[in-house]
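Here is the structure we will look at, set down as structure tokens.
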Amino acid sequence: MERTLIIVKPDAMQRGLAGEVIKRFEQRGLKIIGMKLLQISRDLAERHYAVHRERPFFGGLVDYITSAPVVVIALEGTDAVSAARMTIGATKPSAAAAGTIRGDYGLEIGRNLVHGSDSAENGEVEVANFFADSELCSAWPRSVDGWVFE
Ligand code: IDP
Ligand code: MG
């Protein structure tokens, strides 16, 4: 089972789309093992986006992700990382497929509504950056598990 970190970004929060975003991962069958509301500190944002530190949009990205409370979600499931990214859609919303979150709700790259980890390794690291072990319900027996996972 892979883990992935989802962030319902400030634009989705401001637009009242948190429920819509969460619903799409739930209906996919991905299992919520952690979820909370927080306003990301600049320190945590810079750590989360460290790979983009040298990019020209880095300052704006940190301003954006710290600008309002966000919902962070830890998901677990079969191929959770790639499945979640397919549900999220391409980074640039104007080019994202219809039916994806970005393709249904967004237009611009700096307002793309949701984050999802990009590898199984980063999924583990990012979940650990945002959640203490005590905040995760990693092994709860979900009653539909046998109908979602083979
Ligand atoms: P991803 O979120 O689809 O994984 P990344 O390339 O990892 O995309 O970029 C991280 C985030 O940085 C994007 O989701 C977006 O919010 C922002 N970003 C990426 N490229 C640009 C850009 O060219 N201008 C403004 N923001 C950008
Ligand atoms: Mg990324």
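Numbering of ligands and ligand atoms starts at 1, following listing order. Note that the coordinates shown come from a computational prediction; the quantities given were computed from them, not determined experimentally.
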Closest non-hydrogen protein atom to [atom], residue and atom name please, with distance?
{"atom": "atom 2 (O) of ligand 1", "answer": "R102 NH2, 3.2 Å"}
{"atom": "atom 1 (P) of ligand 1", "answer": "T91 OG1, 3.6 Å"}
{"atom": "atom 12 (O) of ligand 1", "answer": "L61 CD2, 3.4 Å"}
{"atom": "atom 16 (O) of ligand 1", "answer": "K9 NZ, 3.1 Å"}
{"atom": "atom 4 (O) of ligand 1", "answer": "R85 NH1, 3.0 Å"}
{"atom": "atom 18 (N) of ligand 1", "answer": "F57 CE1, 3.6 Å"}
{"atom": "atom 10 (C) of ligand 1", "answer": "H52 NE2, 3.5 Å"}

Pick from R142, K31, R3: which one makes a salt bridge (charged side-chain N to carboxylate O under 4.0 Å, His left out) with E76?
->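 Between E76 and the candidates, salt bridge (charged side-chain N to carboxylate O under 4.0 Å, His left out) is satisfied uniquely by R3.
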Ignoring hydrogens and angles, state whether a donor on the side chain of N112 or K92 is under 3.5 Å from an acceptor on the partner side chain.
->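 Their side chains do not contain a donor-acceptor pair, so the 3.5 Å distance test is not met.
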Without hydrogens or angle criteria, can the side chains of Y105 and D11 be said to hold a donor-acceptor pair below 3.5 Å?
->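 The answer is no; no qualifying pair exists.
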Min N/O separation N112 to ligand 1 under 3.5 Å |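 Yes.
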Ligand 1 and Y64, any nitrogen or oxygen pair closer than 3.5 angstrom?
->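 Among all N and O atoms of Y64, none is under 3.5 Å from an N or O of ligand 1.
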If you compare I109, V114, L113 by their heavy atoms, the one closest to atom 24 (N) of ligand 1 turns out to be I109
Relative to F131, does K36 satisfy both conditions: NZ or CZ under 6.0 angstrom from the six-membered ring centre, and within 45 degrees of the ring's axis?
-> yes
Take the angle between the ring planes of H48 and H115 and call it parallel below 30°, perpendicular above 60°, tilted in between.
->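 Correct class here is perpendicular.
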Carboxylate-amine/guanidinium contact E20 K23, below 4.0 Å =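 The answer is yes: the pair qualifies as a salt bridge.
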Can D104 and R24 be counted as an ion pair, charged N to O under 4.0 angstrom?
-> yes
